[in-house]
Amino acid sequence: MSLNVALLGFGTVGRAVARIIVERSLPFRLTHVYNRDVTRKVVDWLPPGTVWTERLDDVLAAPLDIVVETMGGLEPAGTAVRHALDAGTPVVTANKQLIAQQGTDLLARAAASGCELAFEASVGGGIPVICGVRDGLAGDRLLSVSGILNGTSNYILTRMASAGASFADALAEAQAQGFAEADPTDDVDGFDARAKLCILARVALAVDLRPDEVECRSIRPLRPIDIVYARRLGSAIRQVAHVERAGDDGVVAWVQAALVPLASPLAQVDGGQNLVLATGASGGRTSFAGFGAGGGPTAVAVVSDLLAIARGHRSRLAPARRPARVMGGAPVPHYLRFVVRDRPGIIADLARVLAQHDINIDAVLQEPGTAKEALPFVVTLEAADGTTVQDALSRISHLDFHVEPPLVLPFLT
Ligand SMILES: NC(=O)c1ccc[n+]([C@@H]2O[C@H](COP(=O)([O-])OP(=O)(O)OC[C@H]3O[C@@H](n4cnc5c(N)ncnc54)[C@H](OP(=O)(O)O)[C@@H]3O)[C@@H](O)[C@H]2O)c1
């Protein structure tokens, strides 16, 4: 018997979902496809009975077994999902911003109506990380989750490393190849990874973490010279998202570019791939890797959720608690990169401010043959907490020799 499914949003993911359902003759009947200006979207490979519509109210009033939301954005997606759940209709969504920001309310509505809210596609595209963590690792007490959660940023960083490209050129290439949106803000400034991190915090750690509580830094200030210095230091640069338990009721959470050892699994993640590392008290570290985006992989996650609902599977998420504190992390070594108008005494000036903050310099690195009027060099620091390093850096940034703002990156072990 086929289940009646409405598809809200017929873009990259929605279209790929419909393709899989049709090509694999899965037991779902796409009764409605909702999209704005829907006539642009009509295809001839869906059954003739499918209703193509711009009227969301009509779709939600129809007798549906499952609603699939692949529109994105908070509205009207949120209204549609709430309406379906309140009516007891299971929902499958790929919408990370909606789940990250409104997951508590939506899951409560699903529980009150006794229906499923499935969101495997919202993190890691086609990687089954939500069910892997929620069900596969349910026997462990998970302590932390880290990973590369944004394929666009990872593509840019790996192109900067492999082709020596500038950030702007690598971004333009990612956009030309369809890996990056015209407006790359969510990807490169970390907001996309932050939303996914909040979803993982809920699923893995039962923590109700809100996106605006997570410290988030852009990869835009990175320069090709940072890749060169990172390599000299035996590291690669990756946009990493991390959340871990801190004490009984706190968490450490951040999204930022970081230096990771070349031997780390994080450094092995190339192009648009994603990697999630879940660490448990009993089971140690488990990796989930694969394509983190793209119509095909993401649609696989949506269709897998649909099939699970069709089989009567009910996911059980432990109730998430609000963290008492969200912190920036334990002390780690840091990388500071400066671009300066050279003059005598610059290192002495830096060392004085760092010493005033009780921060020890580990090494100073300078590539030979660079112009004196815009000289890049790097200072590595012994372990210090991020807030203290930021305080020192804001003092240092007022010194008179900078050609561009200094950059700070943590080293991860
Ligand atoms: N693409 C991926 O690789 C990927 C991976 C993981 C998760 N996701 C998530 O999946 C969802 C869909 O992403 P996508 O890449 O498929 O986006 P997309 O290609 O832009 O598709 C979204 C579709 O929904 C329609 N739509 C958007 N807002 C609408 C509104 N207010 N009213 C009516 N129709 C609306 C769009 O119409 P127009 O054509 O008029 O814009 C488009 O057809 C998002 O939540 C995204 O975060 C995507």
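Whatever order the structure lists ligands and atoms in, that order sets their numbers, starting from 1. We're numbering straight along the sequence, starting at 1.
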Could you pull out the closest heavy-atom pair between Leu200 and Val129, with the gap in Å? CD2-CG2, 4.2 Å

Contact residues of ligand 1, where a non-hydrogen atom lies under 4.0 Å away: Gly9, Phe10, Gly11, Thr12, Val13, Tyr34, Asn35, Arg36, Arg40, Lys41, Thr70, Met71, Gly72, Pro76, Ala94, Asn95, Lys96, Ala121, Ala293, Gly294, Thr298

Would Glu69 and Thr93 count as having a side-chain donor-acceptor pair, cut-off 3.5 Å? yes

Please list all pairs meeting ring pair (Phe, Tyr, Trp, His ring centres under 6.0 Å) that have one or both residues in residues 248-291, counting only residues at least two apart or in different chains. His242-Trp254

Taking 4.0 angstrom as the limit, do Glu215 and Arg194 come out as a salt bridge? no

Do the side chains of Asp192 and Lys196 get close enough for a salt bridge, i.e. N-O under 4.0 angstrom? yes

Glu404 bridged to Arg337 by N-O distance under 4.0 Å: yes

